[in-house]
K.L.:
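So that we are looking at the same thing, I have put the structure below in structure tokens.
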Protein chains: 2
Amino acid sequence: MSPETQIENRPTKRGPRHVARQAMEERILDAAAWVFSQSGYDGATMAEIAIKADLPKANVHYYFKSKAGLYSTVLSKILATWLDQMNAFTADQDPAMALKRYIHGKIELSRVYPIPSRVFANELLHGAPFIDRELATDLRDEVDRIAEVFKTWKERGRIRPVDARHLLITLWAATQTYADFEVQVDTVLRAKAGEKAVFQAGAEQLTEIVLRGLGLEVPRE
Amino acid sequence: MSPETQIENRPTKRGPRHVARQAMEERILDAAAWVFSQSGYDGATMAEIAIKADLPKANVHYYFKSKAGLYSTVLSKILATWLDQMNAFTADQDPAMALKRYIHGKIELSRVYPIPSRVFANELLHGAPFIDRELATDLRDEVDRIAEVFKTWKERGRIRPVDARHLLITLWAATQTYADFEVQVDTVLRAKAGEKAVFQAGAEQLTEIVLRGLGLEVPRE
DNA sequence: CTTCAATTTGACCATTTGGTCAAATTTCGA
DNA sequence: TCGAAATTTGACCAAATGGTCAAATTGAAG
């Protein structure tokens with residue numbers, strides 16, 4: 001058995017076919033996220049997604065059997081990104097620093113991934129018919145964990161008592177809004193959203209209000 | 001000319017025909033708001049709206065020529081409701097009281113009108129293609145006015161300097177979320193949203209954090 | 001070079017949708 | 001009561017949509 005054969009037999013697929021397939025799937029997913037974010041699930045059409053991906057419509061269906069599958073994949077990916085960031089929120093940190101990092105990080109995600117963020121918001125708005133399972137398991141678990149973090153902080157006298165769940169709801173709403181409701185942000189600020197400075201200013205004021213609101217000092221750095 | 005004739009000639013239409021028409025329009029608008037909130041603009045069908053209003057589809061088209069017109073009417077009505085509430089926000093009040101009232105009032109609107117609220121959120125999410133004009137005029141004017149209120153407070157030393165526009169964005173996001181993303185609220189709280197207690201708790205904690213965050217005392221009453 | 005699975009693509013289809021229309025019916029004012 | 005205007009409603013239609021399919025093409029492995 002030659003070394004080459006050995007390498008090619010490893011379980012993780014690496015053939016050129018597989019690599020090309022993954023690239024094509026990503027290309028289609030990007031196009032789909034864009035179209036879903038513009039038109040919602042029902043408003044989006046496979047034809048438009050195909051045009052955006054610069055592929056014949058039948059080819060899109062070759063990679064993703066149904067519109068629903070395509071949509072669910074977009075949702076799962078952005079949810080995973082958010083859960084991953086929440087994971088950095090731990091009890092061993094200083095509450096003020098942890099919150100500041102979380103707020104800034106979350107707003108940064110809004111800035112970098114506004115498109116899937118809007119797709120997700122649309123899904124929630126309609127009662128999460130496609131992603132309800134993942135919400136009730138993965139998200140709920142993560143929220144429970146963070147609630148424990150706040151409980152720990154409270155017991156150690158590091159933070160004033162606060163309802164961690166309502167606080168998370170507030171933080172999500174306030175951070176997501178810069179991605180999801182860009183038109184509203186434009187209108188209110190009389191400026192072009194999407195600009196880095198807008199996100200920066202939003203993150204800073206939100207951090208300051210929330211930290212002071214919880215009786216914490218705003219960390220310098 | 002008899003008195004009756006006099007009365008019936010007044011410009012404000014009051015004939016039984018007109019009253020019946022208005023009742024029918026409201027009935028259709030309610031049904032439409034419901035369906036739009038569930039399915040979005042494209043996902044909603046005139047057939048479903050007709051069923052919800054318990055009318056033949058052609059009859060819905062008799063009162064509202066197009067789906068777009070029906071949708072725009074739903075949007076305008078809820079925006080007017082919000083602008084009306086913002087109008088109570090004036091410089092002559094105590095900042096803490098004004099903010100507390102605004103937050104509680106806004107969350108109350110979320111509780112009472114969750115359905116049109118979601119329709120509006122959906123519209124914003126997709127870039128406000130139908131209501132962009134009203135945003136750029138009515139909403140912008142009202143925001144400018146409130147920015148002036150904060151400026152006045154600051155000059156009188158009644159409040160610490162704060163970016164009123166970013167603050168409004170935060171308040172809207174945090175109050176709307178209880179109506180718009182009910183599924184998420186359910187998941188996070190492990191409870192049924194829509195319950196009055198949830199809105200009450202959310203309003204109180206949000207008020208406390210924001211007021212303290214701005215260096216204000218939370219009013220007793 | 002051959003082979004064969006993977007991929008590409010145009011043509012096609014059943015279903016759904018917003019909207020129209022004309023005929024039937026109801027209702028209000030005179 | 002009568003006539004005109006407003007309303008109601010079933011039937012219908014053109015356009016759009018998600019998805020299918022079979023024939024053609026490609027490209028990696030032996």
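Predicted, not measured: the structure shown is a model, and the values here were computed from it. Order of the sequence lines sets the chain letters (A, B, ...), proteins ahead of strands, with each chain counted from 1.
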K.L.:
How many Å lie between NE2 on B:His61 and C1' on C:dG18, as a whole number?
P.N.:
5 Å
K.L.:
With a 4.0 Å heavy-atom cut-off, tell me which residues in residues 31-40 of chain A come close to DNA chain D, sorted by residue number.
P.N.:
none
K.L.:
Starting from P on C:dT7, measure out to CD1 on A:Ile28 and report it in whole angstrom.
P.N.:
11 Å
K.L.:
Within the 4.0 Å heavy-atom criterion, would you say A:Ala44 contacts the bases, only the backbone, or no part of the nucleic acid?
P.N.:
sugar-phosphate
K.L.:
May I ask you to check whether over 12 heavy atoms, not counting those of A:Tyr113, lie within 6.0 Å of atom OH?
P.N.:
no
K.L.:
Figure out the CD1/P separation between A:Ile49 and D:dG19, and round it to whole Å.
P.N.:
10 Å
K.L.:
To the nearest 0.5 angstrom, please state how far the NE2 atom of A:His61 sits from the CD1 atom of A:Ile49.
P.N.:
9.0 Å
K.L.:
Please check if any side-chain donor atom of A:Ser39 sits under 3.5 Å from a side-chain acceptor atom of B:Asp42, or the reverse.
P.N.:
no
K.L.:
Between the protein and nucleotides 8-12 of chain D, list every N/O to N/O distance that falls short of 3.5 Å.
P.N.:
residue, atom, partner, partner atom, Å
D:dT8, OP2, B:Asn59, OD1, 3.1
D:dT8, OP2, B:Tyr63, OH, 2.8
D:dT8, O5', B:Asn59, ND2, 3.4

K.L.:
What's the CD-P distance between A:Gln22 and C:dA6, to the nearest Å?
P.N.:
16 Å
K.L.:
Could you give the NZ-to-P distance, from B:Lys67 to C:dG18, as a whole number of Å?
P.N.:
4 Å
K.L.:
Looking only at side-chain N and O atoms, does A:Glu123 offer a donor or acceptor that is under 3.5 Å from a partner on A:Tyr71?
P.N.:
yes
K.L.:
For the pair made of CG in B:Asp42 and C1' in D:dG18, what is the distance, rounded to whole Å?
P.N.:
15 Å
K.L.:
Answer with yes or no after comparing the ring centroid distance for A:Phe150 and A:Phe89 against a 6.0 Å cut-off, counting only values under it.
P.N.:
yes
K.L.:
Could I get the full list of side-chain contact (heavy atoms from CB on, under 4.5 Å) partners for B:Asp138, not counting sequence neighbours?
P.N.:
B:Leu83, B:Glu134
K.L.:
For B:Phe181 and A:Trp172, I'd like to know if the aromatic rings sit close, meaning centre-to-centre distance below 6.0 Å.
P.N.:
no
K.L.:
Check the distance between D:dT26's C1' and A:Arg21's CZ and give it to me in whole angstrom.
P.N.:
15 Å
K.L.:
To the nearest Å, give me how far apart CZ (A:Phe64) and P (D:dT20) are.
P.N.:
16 Å
K.L.:
Among A:Lys106, A:Glu108, A:His104, which residue meets the side chain to side chain donor-acceptor pair (under 3.5 Å) test with A:Thr175?
P.N.:
A:Lys106
K.L.:
Would you check, one step at a time, whether the test side-chain contact (heavy atoms from CB on, under 4.5 Å) holds for B:Arg190 with A:Val143?
P.N.:
CA-CA 10 Å; B:Arg190 292 180 162 277; A:Val143 168; over 6 Å; no
